[in-house]
Amino acid sequence: MYATAAVMAGKGAPFQLREVVLDEPRPDEVVVRVVASGICHTDLIVRDQWYPPEPPVVLGHEGAGIVERVGSDVTSVRPGDRVAMSFDFCRTCRNCLRGRPAYCTDFFPRNFGGRRPDGSATVRTGDGSPINASFFGQSSFSTYALAPEHTVVPLPSDLPLEVAAPLGCGVQTGAGAVLNSLAPPPGSSIVVFGAGTVGLSAIMAADVAHCGPIIAVDLVPERLALAAELGATHGLHGTADGLVEQILEITGGGTDFAVETTASPAVLRTAVDSLNFGGTCGVIGAAPMGTEVSLDMSALLFDKSVRGIIEGGSVPRLFIPQLIDLYGRGRFPFDRLIRTYPFAEINRAAEDSEKGVTVKPVVLM
């Protein structure tokens, strides 16, 4: 099957629309005609080669579309079904069997390896040369994507696909960090560092969880204003003098929970320093491999915790429908983060994301 894909030819290179050949679906795979795909920070840091796979590569991991074909063993979806695509996992390791697929022991090779788990390529050039793909089990910067059955999530017929697309990663990551991983009791204080897609999703989730106060920290005044509209009770500029002291004052001695989305070691240090005794900081931001952070070990003795969170600790087929239900009831208006672009303008969409012009760019195929 031929497809048009946004191929990244080299480190930091712009995406180029090219015709590629999609492999035939295996018995447990699904071909999805991609209608919309969000652009996530992870796509951009792989473009810049903080993480693999190496170019040439087709990225994209927030795809939504319509099932075109299914493998012979597929039973949960059929051609014509509307689906979102999310991350891949093995289903057989200890963590997967415990209902924690985001911490699958095979997570990294399955989502960043550029190939199927057996090493075979899913995308090739017209002359048969393999191109790295299978990014998060999908590579949705393409008019067609090949995905394992267990990674696709059926969608209701009335949810626009351009709205559904970011649920596959960015939105579920921020919301799940709060609702699944941190699980704050009502009345808990929480500080969210970074008011991008992940951070704003965390703020909306904190509002759903009846947290208070909910503090947003960012460098862009417009982002702080949006955070206030989405549930934040306070907004603080990230470079303000005495930032930790301000948080301590607002929360009455320190925050119960902090969410760090920026991947900055300095911001992570601030987040941990802002915790009250017994507080927990969830680390979501993906920094370059080998990045280290300095923390005050004596402060950690006061029952302070730092924990990493991947994909919001979510089970996508369970959690994405929950978010859709909250959205339908007006309690989780994540559509306010989205701006759409034609597929041909994917590089402008990526640039707008990096400049902070757009919170969540979604390209329409």
Side-chain angles (χ1 to χ4, degrees), residues 3-8 14-17 32-47 58-67 82-87 135-145 147 151-176 194-202 204 222-223 226 230 261 311-312 314 316 319-320 323-324 326-328 332-365:
T4 300
V7 179
M8 186 194 79
F15 299 108
Q16 299 177 349
L17 298 191
V32 177
R33 177 170 63 83
V34 182
V35 174
S37 181
I39 297 177
C40 180
H41 177 68
T42 305
D43 295 307
L44 302 181
I45 64 176
V46 172
R47 178 201 62 187
V58 180
L59 301 175
H61 62 290
E62 293 182 344
I66 299 170
V67 175
R82 304 163 81 258
V83 297
M85 292 177 280
S86 195
F87 60 90
F135 189 56
F136 281 70
Q138 56 183 279
S139 287
S140 59
F141 289 168
S142 176
T143 52
Y144 291 92
T151 68
V152 302
V153 180
L155 297 171
S157 59
D158 59 347
L159 183 68
L161 292 172
E162 65 269 22
V163 173
L167 291 169
C169 183
V171 171
Q172 83 167 341
T173 294
T197 298
V198 174
L200 290 169
S201 296
M204 287 185 282
E222 292 79 8
R223 294 281 181 96
L226 180 57
L230 296 175
T261 74
E311 294 288 352
S314 306
F319 190 56
I320 287 177
L323 294 179
I324 293 172
L326 288 169
Y327 170 72
F332 191 76
F334 71 97
D335 59 326
R336 295 192 57 190
L337 312 182
I338 296 170
R339 178 182 176 186
T340 60
Y341 298 76
F343 191 24
E345 296 182 13
I346 186 171
N347 289 303
R348 181 168 73 90
E351 182 180 359
D352 284 354
S353 176
E354 290 181 298
K355 289 182 176 179
V357 174
T358 300
V359 177
K360 171 53 68 177
V362 173
V363 292
L364 303 178
M365 282 60 182

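- Of all non-hydrogen atoms in V362 and P166, the two that sit nearest each other are CG2-CG, 3.9 Å.
- Atoms CD1 and CG, on I324 and D158 in that order, are 9.0 Å from each other to the nearest 0.5 Å.
- Between the side chain of S201 and the main chain of G174, no donor-acceptor pair closer than 3.5 Å is present.
- Here the side chains of M85 and V152 are in contact, with some heavy-atom distance below 4.5 Å.
- Nearest heavy-atom pair, E311 versus C169, reported as atom, atom and distance to 0.1 Å: OE2-SG, 3.4 Å.
- Under a 3.5 Å cut-off, the side chain of S140 and the backbone N or O of H61 do form a donor-acceptor pair.
- For the pair L159 and Y327, the minimum side-chain heavy-atom distance is below 4.5 Å.
- Shortest non-hydrogen contact noted between A350 and L44 is CB-CD2, 3.8 Å.
- Residue P333 comes nearest to L230 through the heavy atom pair CG-CD2, 3.8 Å, listed as atom of the first residue, atom of the second, then distance.
- E345 places no side-chain N or O within donor-acceptor distance of the main-chain N or O of Y341, the cut-off being under 3.5 Å.
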Any chance you could lay out the side chain to side chain contact (heavy atoms under 4.5 Å, CB included) test for T340 and V363, step after step, and finish with the verdict? CA-CA 6 Å; T340 60; V363 292; over 6 Å; no

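- Neither side chain, T4 nor Y144, offers a donor N or O lying under 3.5 Å from an acceptor on the other.
- Ion pairing between a basic and an acidic side chain is recognised when a charged N comes within 4.0 Å of a carboxylate O; R339 and E162 show no such pairing.
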Run the side chain to side chain contact (heavy atoms under 4.5 Å, CB included) check on V67 and V83 step by step: do they pass? CA-CA 7 Å; V67 175; V83 297; 3.8 Å; yes

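- With N347 contributing its side chain and F15 its backbone, the two residues share a donor-acceptor pair below 3.5 Å.
- Contact detail for S314 and G176: the closest heavy-atom pair is OG-CA, 4.3 Å.
- Within the model, atoms CD of E62 and OG1 of T197 stand 7.5 Å from one another, a figure rounded to the nearest 0.5 Å.
- Rounded to the nearest 0.5 Å, atoms CZ (R82) and CZ (R33) are 10.5 Å apart.
- Interatomic distance, CZ of F136 versus CZ of F87, reported as 9.0 Å (0.5 Å rounding).
- Counting heavy atoms from C-beta on, the side chains of F319 and V153 never come closer than 4.5 Å.
- For the pair S142 and F343, the tightest heavy-atom approach, listed with the atom from each and the gap, is N-CZ, 3.9 Å.
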Show your working on side chain to side chain contact (heavy atoms under 4.5 Å, CB included) between T151 and Q138 and close with a plain yes or no. CA-CA 9 Å; T151 68; Q138 56 183 279; over 6 Å; no

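- A donor-acceptor pair under 3.5 Å is absent between the side-chain atoms of S353 and the main chain of P361, judged by distance alone.
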Show, in sequence, the C-alpha distance, side-chain angles and deciding distance for D43 and R47, and conclude whether the salt bridge (charged side-chain N to carboxylate O under 4.0 Å, His left out) test is met. CA-CA 6 Å; D43 295 307; R47 178 201 62 187; over 6 Å; no

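- Panel note: side chain K360, backbone I39; a donor-acceptor pair is recorded below 3.5 Å.
- Taking 4.5 Å as the limit, every side-chain heavy atom of L59 sits out of range of all side-chain heavy atoms of S139.
- For the atom pair L161 CG and S37 OG, the distance stands at 11.5 Å (nearest 0.5 Å).
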Output, in order, the C-alpha distance, side-chain angles, deciding distance and verdict of side chain to side chain contact (heavy atoms under 4.5 Å, CB included) for L200 and F334. CA-CA 8 Å; L200 290 169; F334 71 97; over 6 Å; no

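- Put simply, CG on L226 and CG on L337 are 6.5 Å apart, with the number rounded to the nearest 0.5 Å.
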